[in-house]
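Questions regarding the structure given below will be posed in turn.
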Amino acid sequence: MPHELQKAYDPTAIEDRWAAYWVNEHLFHTDSSPIPASHAFTMLLPPPNVTGRLHMGHMLNQTEMDILTRWHRMCGDLALWIPGTDHAGIATQLMVERQLAGEGSSRQQLGREAFIERVWQWKQHYGGAILDQMKRLGASVDWSREYFTMDDRLSAAVREAFVRLYEQGLIYRGKYIVNWDPVQQTAVSDLEVTHEERKGKLYHVRYPLADGSGSIVIATTRPETMLGDVAVAVNPADDRYTAFHGKKLRLPLSAVNDGPNHGKDREIPIVTDDWANPEFGTGAVKVTPAHDPNDFAIGERHNLPQLSIMDAAARIDLPGSPYHGLDRYVARKRILEDLEAQGLLVDTKEHTMAIGLSQRSGAVVEPRLSTQWFIKIQPLADKAIEAVEEGHIKFTPAQYAKTYFEWMRNIHDWCISRQLWWGHRIPAWHCAACHKVTVARETPSTCAHCGDSGITQETDVLDTWFSSGLLPFTVFDWPQRTPALNAFYPTSLLVTGFDILFFWVARMIMLGCHFMLDMPMPDGSPRTLKDAVPFREVYIHALVRDADRQKMSKTKGNVIDPIEIVQKYGTDAVRFTLAAMASPGTDIAFSEARTEGYRAFANKIWNAARFIFMNMERAKEAGIGIHRSSFASEPELTNRSPIEALWIVSRLNRCAHDVNLALEKYRFDEAANFVYQFFWGEFCDWYLEIVKLRLDFGETSNQDAASAALTTLLYVFKSSLQLLAPFMPFISEEIWQALYDGTPPKKSIARSDYPRYVARELSENVQYISAEEAMQNLQRAITGIRTHRKELGVEEKTLVAVKIACGGNPGGVIRTNLEVIQKLSKVSEVEIVSFDDQKPGGRYADLAWKTFGPVDIFIVYEKPIDLPAERERLAKKLEQYEKMLISADRQLQNPAFLAKAPEKIVAGLKKQASEAATLRQETLEAIEKLEQLA
RNA sequence: GGUCGCUUAGCUCAGUUGGUUAGAGCGCCUGCUUCACACGCAGGAGGUCGUAGGUUCGAGUCCUACAGCGACCACCA
C-alpha cells in the first residue's frame with residue numbers, strides 16, 4: 001500500500017532526491033548493442049560553453065529535449081540524449097585572462113603552455129557548472145557519454161577532419177581582408193560580427209592632382225585610412241571625371257619623415273572601376289586595399305599595392321609619420337584637424353551607417369589584411385543545400401528552411417583560424433628553410449617538402465564552431481566505424497534556438513554531409529546523402545524574453561535565473577510553464593504568474609494523490625485488498641458500469657491520443673494543455689467528485705462496486721501520471737513510487753509505458769461515444785442546476801428540491817444518476833416531470849425554470865426573485881438569442897448558401913436556428929411570467 | 001537595401017485544410033472553512049479578431065494596400 005504523502009506539496013523536498021536517484025541509478029544509460037536503428041531516438045544537446053551559467057534559454061531548450069526524450073523512451077524507443085560542453089575559445093580565454101589580470105599577471109607573462117595549463121585548471125574547477133545544473137533539473141541525458149570538445153578523442157577527430165579537408169584542397173591559407181577584433185586581437189568570422197546602425201559622418205576630402213592642375217574630392221567615413229590609400233577610383237562612365245583618367249594625385253598627410261619619399265606626400269593613380277558609384281558622395285572613392293574588403297577587390301583588379309597602416313590593436317603603424325602610434329579614433333580626429341587646416345576638408349555630412357561590432361568584445365571591427373586559414377565553402381554548401389531541398393532534413397517551423405537557403409546560397413568562405421591560445425591548434429607546421437607548410441595528423445619531425453627539421457607549428461587555433469560542427473559523428477568516435485556510429489547516426493533530431501542556426505546547425509549539415517558520405521552504412525553499402533546528414537529533423541524554438549517581451553540581458557538587469565525560479569516554484573512548474581508557452585514562431589514572454597498557476601496544478605495533482613491514497617487505506621481497513629495487477633491495464637467495463645467510469649476511461653484515451661499527436665508535431669503547448677485540461681478539468685472536477693459517492697466501503701454497502709470503482713480510479717490516475725511524466729518528471733515519479741509503496745514494477749516511471757491510443761478505435765468505440773454523450777447531459781443537468789440556483793439567489797448551503805423535465809436519451813442518464821445530481825448540485829430531492837408542467841396551466845407553471853440543451857430545470861424555492869436583476873438578465877439573454885436567430889436565418893434564407901455549403905454545415909445551422917428559436921420563445925415566456933409576478 | 005514574422009479579452013497567448021454561438025491561463029466580480037486541495041470549489045462579466053478594401057454562399061483564417069511592432073541578412077565609400 002502506498003506510503004503517505006506530506007500534507008502540502010513541497011517541490012524542494014522531493015526534487016533533489018529524484019534528480020540524484022536518476023543519475024546514480026544510471027537510469028538513462030543507453031547501450032548501443034544490437035537494436036534496430038529505426039527504434040533509436042538520438043539527440044545531441046547543443047553543448048553549452050564551459051564558461052556558461054544556465055539561463056532561461058537553456059532551460060527551455062533542455063525542457064523540450066527532455067520531454068521528447070522521456071516521451072520516446074516511454075514509447076519504447078531507444079532514446080539517447082548526449083550531453084557535453086564546448087571549450088568556447090574566445091569566451092573561455094577571456095575569462096581566464098580576466099582572472100590573471102586580477103592577480104596582476106597576464107597570459108603573455110605566463111607564456112602559451114603555462115597559460116593553457118591554467119585554462120585547464122580553470123575548467124577543472126569552474127567549468128561545466130551548467131551540467132551540474134542540468135542534473136538538478138532532471139535532464140534525462142546519458143551521462144556516461146558526456147564529452148568535452150577538447151577531449152583527446154575529439155581533438156584527434158578535429159585534426160583528422162582538418163587534414164582531410166586540406167588534402168582535398170578545401171582548406172587554403174592566404175592573405176585576405178578579414179574582420180579583425182582589435183581588442184581581442186584575433187580574426188573573427190562574418191557571423192561573429194553584428195551590425196548596428198549608428199550615426200556617423202561622411203567627410204569630403206580634396207586630393208590635389210600631382211601636377212597641380214586641379215583636384216578631386218573624395219568621400220569617406222573613415223578618414224584615418226587615407227594614410228593607406230593607393231589610388232582613387234571613379235566610374236569609367238562618369239563624365240565628370242573623364243578628363244582625370246590616368247592622372248596622378250598627391251595624397252595629403254602621407255609624408256613620412258624617414259621614408260623613401262623624404263618627407264614628401266605619396267603620389268597615387270586615378271583608376272576607373274565600376275565599383276565607384278556616381279550617385280554616392282562625389283562619385284570618387286579612395287582605394288585602401290589593406291583596410292577595406294571592397295578596396296581589396298579593386299586593388300586586385302588594378303594590381304595595386306596593399307599598404308597596411310594599422311597594427312593588431314588598430315593603432316596607426318607608420319613609422320616616421322606624425323600619426324604613428326595613435327589609436328585609430330585619435331588619428332581620425334587629428335587628421336581631420338590637419339585637413340581642415342590645409343583647407344582640404346571640403347564638407348562634413350551626417351551619415352547613418354551600419355558598423356560592424358565584434359560579437360564577443362563589442363569592439364568596432366577593423367577590416368584587416370592578414371594571413372588566415374579558410375575553408376572553401378561552396379562545395380560543402382552545395383551538398384548542404386541539396387540535403388534540405390531533397391527533404392533529407394526537415395525544419396520545424398518550416399519557414400526556417402527559407403532562412404537557411406538564403407544564407408547558404410550567399411555564403412562566403414569560412415575563416416577558421418583564430419589568433420588565440422585556447423583551442424585546437426591548427427595541425428600545420430611551417431618550415432624555416434623552404435617556407436612551405438606541412439599539414440599532418442601527428443606531429444612531424446621534418447618538413448614534408450624539403451626534409452628540414454627546422455619546423456614550427458602554426459600558432460593559430462581553430463574557430464570553436466569547427467569542432468562543434470563535427471560533433472554529430474565525432475561523439476560516436478568517428479573516424480572509426482563504431483557500433484555507436486552505426487546505431488545512432490544520423491541523429492534523429494536537433495532542438496535549438498534560432499541564434500545558432502548558421503553558427504552551428506548549418507555547419508553541422510555541411511560537415512556531416514561532407515565527411516559522412518565517405519562512411520559506409522552499417523551493412524557495408526555505400527552511404528547516400530540521405531544518411532550522411534547529421535540529423536533528420538531540426539526543431540527551432542523561440543527565444544525566452546522577460547514578461548515585458550524584452551530580451552533578457554545582463555545590462556538591462558532583467559535576466560531571470562532559472563535556478564532561482566525553480567527554487568521558488570519547483571522544477572516541474574517551471575518546465576510546465578515553458579512547455580505550455582512554447583508555441584512555434586513566437587518568442588516566449590516568460591511570466592511568473594503562469595508558473596504560479598502551474599505550481600497550483602502540481603499541488604492539485606499532489607492532493608488528488610492524497611485523496612486516492614486515503615481511499616486505498618480505507619479499502620484496506622474494510623478488508624478489501626487492491627492488488628497492483630488489478631489496475632495495471634484498462635478495466636473491463638460494460639454498459640452497466642457507472643457512467644463516470646466509462647466516461648473517464650474514454651476521456652483518458654482521447655487525451656493520450658491528443659498528447660501523442662501533439663508531441664509528434666512538437667506542439668509542446670498543445671500537449672501540455674491537453675494533460676492539464678484532462679487532469680484538472682475532467683479527472684478532478686468531475687470524475688473524482690462523482691467517484692466519491694461510489695467509494696463506500698461500509699459493511700452494508702456494495703463492496704464489489706466500491707472495489708471496482710477504486711480499481712478504475714487507480715488505473716486512470718496511474719495513466720495520468722504516466723501522461724504527465726515527460727512534462728513533470730519529479731512529482732509524477734514521487735507519486736508513482738508512492739503508489740507502489742517504493743516497490744514499483746519498474747525502477748522509474750520514466751521506464752514505464754506511455755499511454756497511447758489509436759484514433760480509429762476511439763472514433764469507432766460505441767461504448768465510449770455513448771458514454772461521452774450521456775455524461776455531457778448529466779453535466780448539463782448539474783451545471784444547469786448550479787447556474788439556476790445562483791441566478792435565483794439560492795444560498796450556497798441551502799438544499800433545494802428540483803424538478804427536471806427531460807426526454808429520450810438524456811432521461812436515461814439522469815434517471816440513473818439522481819444521487820450524483822443531488823450531491824454535486826446541492827439538491828434535496830429530484831423529481832422527473834413532464835415538459836408540459838412548466839407551461840401555463842401546468843403543475844409547476846409558477847416555478848422558476850430554465851432550459852439547458854435538452855434538459856429543463858425547475859427549482860422549488862420560496863425566496864422572492866430579485867426582479868430588476870432578473871429582468872436585466874433575461875433581456876440580455878433575449879438579445880443574444882435573437883442575434884443567433886438572425887444570423888442563422890440570414891444564411892438559411894440565402895439560396896446560394898443552401899446550394900453550395902456542405903450538408904453538415906446546413907444541418908448544423910438549422911439545428912442551431914431551431915434551438916435559438918426555442919430559447920428565444922422560452923425567454924419571452926419567462927419575461928412574461930416575471931412581469932406577472934411584478 | 002533585401003528577406004521573414006507579428007498585431008485576437010485588462011495581461012500572456014491558442015485558434016489545424018475558410019464553416020454552426022472565437023478559446024485557455026492569470027487578473028477581475030459574486031458566493032462558499034463541501035471531511036484531497038483557499039496553491040481550493042461553484043457561478044459570472046469581459047473581444048467591432050490593427051485599419052481600409054477585395055475574393056467567397058460564408059473570412060480571425062485567403063488576397064491587396066496602409067499603419068504600428070519585431071527579427072534576421074547585407075562589402076556602397
Side-chain angles (χ1 to χ4, degrees), chain A residues 5 7-9 177 190 195 202 218-222 225 233 275-277 279-282 284-288 292-297 351 353-354 356 367 399-400 402-403 406-407 410 412 498-499 501-502 543 547 549 573 580-581 583 585-591 593-594 596-615 665 667 669-670 673 676-677 684-685 688-689 692 783 786-787 789-791 793 795-797 823-826 880-881 883-884 887-888 891 894-902 904-913 915-916:
Chain A
L5 297 179
K7 277 205 181 93
Y9 162 67
I177 291 272
D190 293 348
H195 295 271
L202 184 65
I218 56 95
T220 180
T221 54
R222 295 188 298 153
T225 62
W275 165 252
N277 178 0
E279 309 291 319
F280 190 92
T282 61
V285 57
K286 63 199 248 344
V287 181
T288 323
D292 184 279
N294 299 309
D295 295 6
F296 181 81
H351 184 65
M353 54 191 169
Q399 79 227 26
Y400 285 112
K402 256 188 172 171
T403 315
E406 188 79 13
W407 186 77
N410 296 298
H412 299 289
F498 172 79
D499 50 334
L501 179 59
F502 306 134
L543 218 66
R549 316 211 105 267
M581 295 185 84
S583 49
T586 22
D587 288 341
I588 294 177
F590 187 87
S591 82
R594 245 353 235 277
E596 234 167 273
Y598 291 123
R599 182 188 53 184
F601 179 49
N603 185 56
K604 188 81 181 171
I605 298 163
W606 188 262
N607 279 293
R610 288 182 54 223
F611 168 77
I612 289 161
F613 292 175
M614 189 184 86
N615 277 288
K665 295 183 296 180
R667 288 303 302 262
D669 57 330
E670 285 185 2
N673 285 326
Y676 180 95
Q677 180 48 38
C684 289
D685 287 350
L688 281 188
E689 291 307 318
K692 278 176 183 172
T783 50
R786 286 170 177 168
T787 310
R789 281 176 59 111
K790 191 88 171 182
E791 283 168 354
E795 280 183 17
E796 200 78 12
K797 285 172 271 193
K823 188 82 201 303
L824 268 61
S825 46
K826 298 243 169 54
Q880 185 193 336
Y881 297 142
K883 254 191 194 160
M884 274 164 66
S887 96
Q891 289 195 73
N894 183 342
F897 171 76
L898 294 174
K900 290 186 183 177
K904 201 178 88 188
I905 300 297
V906 177
L909 206 62
K910 278 183 177 158
K911 194 176 156 206
Q912 182 203 325
E915 270 177 29

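Below, chains carry the letters A, B, ... as their sequence lines are ordered, and counting in each starts from 1. No hydrogens, no waters, no symmetry mates; every other heavy atom, side chains included, goes into these values. Everything numeric in this text was worked out from a predicted model, so none of it was measured.
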For the backbone of E796(A) and the side chain of R789(A), can you confirm whether one donor and one acceptor N or O come within less than 3.5 Å of each other? yes

Is a donor-acceptor pair below 3.5 Å formed from side chain N603(A) to base C37(B), judging by atom type as modelled? no

OP1 or OP2 of C72(B) under 4.0 Å from side-chain N/O of K402(A): no

For the base of C39(B), is there a side-chain donor-acceptor partner from K604(A) under 3.5 Å away? no

Please classify the nucleic acid contact of F498(A) as base, sugar-phosphate, or nothing, using heavy-atom distances under 4.0 Å. sugar-phosphate

Take the protein atom CZ of F611(A) and the nucleotide atom C1' of C41(B), then report the distance between them rounded to whole Å. 14 Å

Check whether R786(A) reaches the backbone of L824(A) with its side chain - one donor and one acceptor, N or O, closer than 3.5 Å. yes

Protein heavy-atom contacts under 4.0 Å, written 5' to 3' over nucleotides 22-35 of chain B as B (base), S (sugar-phosphate only) or - (none), form the string ---SS---BBS-B-

Taking for each residue the nucleotide of RNA chain B with the nearest heavy atom, is it L202(A) or D190(A) whose nucleotide lies nearer the 5' end? D190(A)

Looking only at heavy atoms, what is the nearest atom pair of A219(A) and G281(A), with distance? CB-CA, 4.0 Å

Write down the distance separating the P atoms in A74(B) and G68(B), rounded off to the nearest Å. 27 Å

Rounded to whole angstrom, note down the C1' distance from G5(B) over to A77(B). 32 Å

Quiz item: cation-pi between K692(A) and F611(A), 6.0 Å / 45°: yes

Find which nucleotide of RNA chain B each of T403(A) and H412(A) is nearest to by heavy atoms, and output the residue with the more 5' nucleotide. T403(A)

Pairing check on A71(B): which nucleotide meets the Watson-Crick or G-U wobble criteria with it, both distances under 3.5 Å? U3(B)

Whole angstroms only, please: what is the CG-C1' distance between N894(A) and C57(B)? 5 Å

Say we look at C6(B) and U61(B): how far apart would their P atoms be, to the nearest angstrom? 13 Å

With distance as the sole criterion, do the side chain of E689(A) and the base of A36(B) form a donor-acceptor contact below 3.5 Å? yes

Has D669(A) got a side-chain atom pairing as donor or acceptor with A580(A)'s backbone, closer than 3.5 angstrom? no

Nearest-Å distance once atom P is located in both G50(B) and C13(B): 15 Å

For the pair F498(A) and Y400(A), name the ring-plane relationship: parallel under 30°, tilted 30 to 60°, perpendicular over 60°. tilted

Output the rounded distance in Å from CE (M581(A)) to P (A14(B)). 9 Å

Does NZ belonging to K665(A) count more than 12 external heavy atoms closer than 6.0 Å? yes

In whole angstroms, how far is the C1' atom of C76(B) from the CZ atom of F296(A)? 18 Å

Between C73(B) and G27(B), how far is it from one P atom to the other, in whole Å? 39 Å

Short heteroatom pairs, N/O only, protein and nucleotides 16-20 of chain B, under 3.5 Å:
{"residue": "U20(B)", "atom": "O3'", "partner": "Q912(A)", "partner atom": "OE1", "Å": "2.8"}
{"residue": "U20(B)", "atom": "O2'", "partner": "Q912(A)", "partner atom": "OE1", "Å": "2.9"}
{"residue": "U20(B)", "atom": "O2", "partner": "G908(A)", "partner atom": "O", "Å": "2.6"}
{"residue": "U20(B)", "atom": "O2", "partner": "L909(A)", "partner atom": "N", "Å": "3.4"}

In whole Å, measure the gap between the P atoms of U30(B) and A67(B) for me. 45 Å

Expressed in angstrom and rounded to an integer, what is the separation of D685(A) atom CG from A42(B) atom C1'? 10 Å

Looking at every strand, decide which applies to W275(A) at a 4.0 Å heavy-atom threshold: base, sugar-phosphate, or nothing. base

Expressed as a whole number of Å, how far does the P atom of C4(B) sit from that of A65(B)? 13 Å

Treating D292(A) as the side-chain partner and D295(A) as the backbone partner, does any N or O pair qualify as donor plus acceptor under 3.5 Å? yes

K692(A) NZ to G40(B) C1', in whole Å, measures 11 Å

Would you call the rings of Y598(A) and Y676(A) parallel, tilted or perpendicular if under 30° counts as parallel and over 60° as perpendicular? perpendicular

C1' spacing across the pair U7(B) / U51(B), given as an integer number of angstrom: 11 Å

